[in-house]
Amino acid sequence: MADVEFSGNFAHTIDSKGRATIPSAYRELLGGNFTVGLNNDFSAIALYPAGKWEDMGRRLRKIPETDARGMAYVRLIQAFSFPGQSLDAQGRILLPSALREKTGMNRDIRFVGVGQYLEIWDEARFVQVTAQAELDVENLLAYVNDRYYAPED
């Protein structure tokens, strides 16, 4: 997968037809063929560049069909994914109503870069989740340090 690094955030709105204009800073990174789906905890819409979506597909295919619990996760991810998306001439994407409903999205939204993909949050929900994370930043830092950066024995 090509090195893609989404970062930053931008406030935007959804128009009356359910479309959102992708900030110009993200358009080239997103590419011309991407997947619209949900992020891992279903809190936001996710836009996955082709390489990231291919990587996710390889991971999902490792889950055997005989693993009912694993397949429940695969089913959720696949059922709410719309591959083969591209931007229109104005740089807009139609956000499927099923995804807007799942994430509680209204008119005001926030684009958030999270490394290898892009998230679109309902603005009020993003403010709430971010404020909570800021209050817990010390515990979050300790968790990340212990889990991902702890020295190996």
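Atom-to-atom distance recorded for Trp53:CH2 and Ser81:OG is 3.0 Å, nearest 0.5 angstrom. Interatomic distance, CG of Asp55 versus CD of Gln116, reported as 7.0 Å (0.5 Å rounding).
Contacts of Gln128 classified as side chain to side chain contact (heavy atoms under 4.5 Å, CB included), with partners at least two apart in sequence or in another chain: none. Scored by the salt bridge (charged side-chain N to carboxylate O under 4.0 Å, His left out) test, Arg27 finds no partners at all (sequence neighbours excluded). Asp67 meets the side chain to side chain donor-acceptor pair (under 3.5 Å) test with no other residue; sequence neighbours excluded. Shown here are the side chain to side chain contact (heavy atoms under 4.5 Å, CB included) partners of Leu29, two or more places apart in sequence or in another chain: Val4, Phe6. By the salt bridge (charged side-chain N to carboxylate O under 4.0 Å, His left out) test, Glu123 is found to be paired with Arg110, residues two or more places apart in sequence or in another chain being considered. With sequence neighbours left out, the ring-ring contact (aromatic ring centres under 6.0 Å, His included) criterion links Phe82 to no other residue. Every residue meeting the side chain to side chain contact (heavy atoms under 4.5 Å, CB included) condition with Ser97, not counting sequence neighbours, appears here in chain and number order: Arg100, Glu101. Listed by chain and number, the residues in a side chain to side chain contact (heavy atoms under 4.5 Å, CB included) with Lys17 are Asp15, Arg19 (sequence neighbours excluded). Remark: Gln90 engages Arg92 in a side chain to side chain donor-acceptor pair (under 3.5 Å) (not counting sequence neighbours). Partners of Phe111 according to the ring-ring contact (aromatic ring centres under 6.0 Å, His included) rule, which considers only residues two or more places apart in sequence or in another chain, are His12.
Between the side chain of Tyr26 and the backbone N or O of Ser7 there is at least one donor-acceptor pair closer than 3.5 Å.
Residue Leu141 is found outside any hydrophobic cluster, as its side-chain heavy atoms come under 4.5 Å of no other Ile, Leu, Val, Met, Phe, Trp or Tyr.
Nearest heavy-atom pair across Ser86 and Gly32 is CB-O, 3.2 Å.
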For residues 38-47, dump all side-chain donor-acceptor pairs below 3.5 Å to protein atoms at least two apart in sequence or in another chain.
unit_1, atom_1, unit_2, atom_2, d
Asn39, OD1, Phe42, N, 3.0
Asn39, OD1, Ser43, N, 2.8
Asn39, OD1, Ala44, N, 3.1
Asn39, ND2, Asp41, OD1, 3.3
Asn39, ND2, Ser43, OG, 2.9
Asn39, ND2, Glu119, OE2, 3.0
Asn40, OD1, Tyr73, OH, 3.1
Asp41, OD1, Ser43, N, 3.2
Asp41, OD1, Ser43, OG, 2.5

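Val129 and Tyr143 end up in different hydrophobic clusters when Ile, Leu, Val, Met, Phe, Trp and Tyr side chains are linked at under 4.5 Å. Cluster membership for Ile14 and Leu94, using ILVMFWY side-chain heavy atoms within less than 4.5 angstrom, is not shared.
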